[in-house]
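Here the structure is laid out as structure tokens; the discussion comes afterwards.
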Amino acid sequence: PPATPAIGWTTGWSGFRGARRDGRYSASPILTDWRALQPLWRQPVGGGHASFVAANGHAFTIEQRGGQEVAVAYDVLTGRELWTNAWEAVFISNSGGGPGPRATPAFHDGTLFVLGATGELRALDASSGTVRWRTNVLDDAGAAERVGIAVSPLIVGNTVVTVPGGGNGRTIIAYDRASGRVAWSALDDEPSYSSPVRVTLAGVEQIVAVFGTRVVGLSTDRGTLLWESAFGNDGGNNAAQPVILGDNRIFLSLSSAIRGLALEITRDGDRLSARELWRTNRMKNSISSSVHHEGFIYGLDLGILACIDAANGELKWKDGRYGEGQTLLASGQLVIATDDGQVVLVRATPDGHQEVGRTTAVEGATRNHPALVDGFLLVRNAKQMAAFDLRPR
């Protein structure tokens, strides 16, 4: 590759949809004039639906290459492969999702945690790809592989939290980050596709997790149940991430059953409880997740971009067909990776749909979530990946 300038890397994109898993990028302003936008690089990538995490100028993901699942590190500026770590595993979806791993890795303090579709969990040295420890979460949970693990690992203190599903209190298993030993396990729920988040609600730090038929808040130390609310359906097809609306409110969405639901979490002494605030059928996230910005929720309502009021769920506008793509928020703009491989820039405003930029990122069906690190946008699908420099000129 040609010589590249030195970059003072200051921030990272350490987990699925960012460090807070909320799809929000706030490290620096991004370029909003896309008229001459071209990729820094574009090249082939292995199969699967995982997205990128990034740190110190390196982008990490997990791919299917032949009969192996492969954790890979790339140089953000050039796309050059830096290292790989592979193991024998193949997952093929019976529902048309294609082969390959689904769970986005997690990065923390020099370690990359990768989780394959058939349960392989590895802690890797992020500088070299060397294995620090490994286990199989399905074996540890006594659970059968159902539809390919899609839940991204979550770093909580000194543990890495996974959701393999399984009876006997092993739906969630937390592992010691340093050794890989089981630190705690909890619950008997059917898993979903939604990844847990670490948040503070009603003044209490907790893990919020969406399962097949309910959403729960759990303590960060032992996974003790703090509160619960019915949500979802018996199919366990919930995929959207919970959206934090404030100090004690969250929004949940799916494409059927309850559809859109806002909850308020309140505290009475040592007890927490969840109360329904409102419901809506105006925001039905299928495989994508919404974002919250200045009192409004923006997301793909069965493929059409919509804006609803976070106070009451009322629709402000609905326009623009982007398919089952993925959405993140940066500089008051929505960056949408469409399901056909384009990236689109739309103003995050309740005043109406205002598309201000569009370019082709990758070719083919795209479900992987984009990532932003120090102004560089990373996009991939099951065949190609690309990087764009969105730093203001």
Side-chain angles (χ1 to χ4, degrees), residues 1-43 45 50-61 72-82 104-108 110 112 126-127 289 291-294 298 322 325-338 341-349 354-362 366 368-381 384-393:
T4 55
I7 300 293
W9 302 102
T10 60
T11 62
W13 189 265
S14 58
F16 177 54
R17 303 184 75 233
R20 297 177 301 276
R21 299 200 177 197
D22 57 2
R24 298 168 62 93
Y25 173 80
S26 57
S28 59
I30 66 166
L31 179 73
T32 57
D33 183 356
W34 287 15
R35 286 174 294 181
L37 187 64
Q38 296 292 325
L40 281 175
W41 49 263
R42 180 187 290 127
Q43 64 193 43
V45 70
S51 58
F52 286 104
V53 294
N56 304 317
H58 298 168
F60 308 95
T61 191
V72 193
Y74 296 98
D75 183 275
V76 169
L77 296 180
T78 65
R80 181 170 64 92
E81 184 179 285
L82 302 174
T104 298
F107 175 89
H108 183 81
L112 185 72
S127 63
S289 300
V291 294
H292 177 241
H293 179 59
E294 296 182 346
Y298 300 87
Y322 303 111
Q326 305 290 343
T327 302
L328 60 81
L329 179 78
S331 299
Q333 314 284 327
L334 303 172
V335 179
I336 303 172
T338 71
Q342 298 183 73
V343 286
V344 182
L345 193 67
V346 179
R347 289 194 176 94
T349 172
Q354 302 175 38
E355 183 178 310
V356 296
R358 177 187 288 258
T359 190
T360 297
V362 291
T366 303
N368 312 59
H369 202 284
L372 258 171
V373 56
D374 281 312
F376 292 90
L377 177 68
L378 300 167
V379 184
R380 65 158 291 193
N381 58 20
Q384 282 188 331
M385 59 182 179
F388 295 84
D389 185 354
L390 296 188
R391 295 173 300 169
R393 306 293 191 260

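Quick caveat, the model's predicted, so the values are computed rather than measured. The first residue of the sequence shown is numbered 1, and numbering continues consecutively from there.
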For this session: Could you please spell out the steps behind the side-chain contact (heavy atoms from CB on, under 4.5 Å) verdict for Val335 and Thr327?
Result: CA-CA 6 Å; Val335 179; Thr327 302; over 6 Å; no

For this session: Could you walk me through whether Trp13 and Phe376 pass ring pair (Phe, Tyr, Trp, His ring centres under 6.0 Å), step by step?
Result: CA-CA 11 Å; Trp13 189 265; Phe376 292 90; over 10 Å; no

Exercise. Leu377 and Ile30: side-chain contact (heavy atoms from CB on, under 4.5 Å), yes or no, with the steps?
Worked result: CA-CA 10 Å; Leu377 177 68; Ile30 66 166; over 6 Å; no

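Shown here are the side-chain contact (heavy atoms from CB on, under 4.5 Å) partners of Ala348, two or more places apart in sequence or in another chain: His293, Tyr298, Leu329, Leu334. Legend: residues meeting side chain to side chain donor-acceptor pair (under 3.5 Å) with Asp389, ordered by chain and number and at least two apart, are Arg391. The ring pair (Phe, Tyr, Trp, His ring centres under 6.0 Å) test applied to Phe16 returns His369, not counting sequence neighbours. Remark: Ser14 engages no residue in a side chain to side chain donor-acceptor pair (under 3.5 Å) (not counting sequence neighbours). Evaluation of the side-chain contact (heavy atoms from CB on, under 4.5 Å) rule for Arg20 yields Asp22, Arg24, Ser26 as partners, not counting sequence neighbours. Checked against side chain to side chain donor-acceptor pair (under 3.5 Å), Ser289 has no partners two or more places apart in sequence or in another chain. Partners of Arg358 under the salt bridge (charged side-chain N to carboxylate O under 4.0 Å, His left out) rule, at least two apart in sequence or in another chain, are Glu355. Qualifying side-chain contact (heavy atoms from CB on, under 4.5 Å) partners for Asn381, counting only residues two or more places apart in sequence or in other chains: Val362, Thr366, Asn368, Lys383, Gln384. With sequence neighbours excluded, the residues satisfying side-chain contact (heavy atoms from CB on, under 4.5 Å) with Pro392 are Pro29. Applying the side chain to side chain donor-acceptor pair (under 3.5 Å) rule to Tyr74 yields the partners Glu63, Arg65; only residues at least two apart in sequence or on another chain are considered.
Here the shortest heavy-atom pairing between Ala361 and Val379 reads CB-CG1, 4.0 Å. Of all non-hydrogen atoms in Trp9 and Gly57, the two that sit nearest each other are CE2-CA, 3.3 Å. Residues Ser51 and Pro105 approach most closely at O-CD, 3.8 Å, considering heavy atoms.
With no hydrogens or angles considered, no side-chain donor-acceptor pair links Asp374 and Ser28 at under 3.5 Å.
The stretch residues 30-40 participates, sequence neighbours left out, in these side chain to side chain donor-acceptor pair (under 3.5 Å) pairs: Asp33-Arg35.
You'll find the side chain of Leu40 stays beyond 4.5 Å of the side chain of Val76, heavy atoms only. Using a 4.5 Å heavy-atom threshold, the side chains of Arg42 and Met385 count as separate. Within the 4.5 Å cutoff, no side-chain heavy atoms of Ile336 are placed close to those of Val343. Contact annotation: the side chain of Thr359 approaches that of Phe388 to within less than 4.5 Å [non-hydrogen atoms, C-beta and beyond].
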